[in-house]
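Only this structure's heavy atoms are used, side chains among them; waters, hydrogens and symmetry mates stay out. To find a chain, count down the sequence lines: A is the first, B the second, and so on, and within it residues start at 1. Every value quoted in this text rests on a predicted model; they were computed, and no experiment measured them.
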2 protein chains.
Amino acid sequence: MRNLLQTKVGLRIKDLRAAAGLSQERFALKIGMDRTYLASIEVGDRNVTLQNLSKIANGFDMTLSEFFEGIPRIAPNE
Amino acid sequence: MRNLLQTKVGLRIKDLRAAAGLSQERFALKIGMDRTYLASIEVGDRNVTLQNLSKIANGFDMTLSEFFEGIPRIAPNE
């Protein structure tokens, strides 16, 4: 079963990317991340690191706090 | 040279922990994290993962967005 927090963060990225009209390929290129890795983050398969979270937030011209808006508190094992 | 983002996040944890009047040992126990690992995060030595960031934010009864308040946008290689 996929991790709820990782899934919600992946969906947040997908929504922001769609709102910005960016394909996965163009956004991955923009932030210097491998496209297939970005794809795996978006489906919730990755326990993403702070540095990659920051790259992603920067890619949307957001602070980390702005990026995580709307992501609720989730207990670790949910 | 320590990574600026990791250092700022470490300081944020230290400040919140001090404000809550919690020792490193008691906060590590509270969130189920090894104390020495928490110590290494606080000095900016760790590229912390999403799950551990969530554990830490939860430990302060905060959402991730609340936890990252005050952390500015930092270019990846700063």
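Residues Leu11(B) and Val43(B) fall into different hydrophobic clusters, defined by Ile, Leu, Val, Met, Phe, Trp and Tyr side chains chained together at heavy-atom separations under 4.5 Å. Clustering ILVMFWY residues whenever any of their side-chain heavy atoms sit less than 4.5 angstrom apart, transitively, puts Leu16(B) in a cluster other than the one holding Leu29(B). Note on Phe68(B) and Leu4(B): same hydrophobic cluster, where clusters join Ile, Leu, Val, Met, Phe, Trp and Tyr whose side-chain heavy atoms are under 4.5 Å apart, directly or indirectly.
Distance check: Arg46(B) CZ to Gln51(A) CD gives 13.5 Å after rounding to the nearest 0.5 Å. Put simply, CG on Leu50(A) and CG on Leu53(B) are 6.0 Å apart, with the number rounded to the nearest 0.5 Å. Here the CD1 atom belonging to Ile71(A) is positioned 9.5 Å from the OG atom belonging to Ser65(B), to the nearest 0.5 angstrom. Annotation: the span from Gln6(A) atom CD to Thr49(B) atom OG1 amounts to 8.5 Å, rounded to 0.5 Å.
For chain B, the nearby parts of Leu64(A) are the backbone and the side chain; heavy atoms of each come within less than 4.5 Å.
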Would Thr63(A) and Glu69(B) count as a side-chain contact (heavy atoms from CB on, under 4.5 Å) if you check the C-alpha gap in whole Å, the side-chain angles of each, and the deciding distance to 0.1 Å? CA-CA 9 Å; Thr63(A) 64; Glu69(B) 271 166 22; over 6 Å; no
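Of all non-hydrogen atoms in Leu5(B) and Ser54(A), the two that sit nearest each other are CD2-CB, 3.4 Å.
Checked by atom type and distance alone, the side chain of Asn58(A) never pairs as donor or acceptor with a backbone atom of Arg73(B) at under 3.5 Å.
In the displayed structure, Lys8(A) atom NZ is contacted under 6.0 Å by at most 12 heavy atoms of other residues, nucleotides or ligands.
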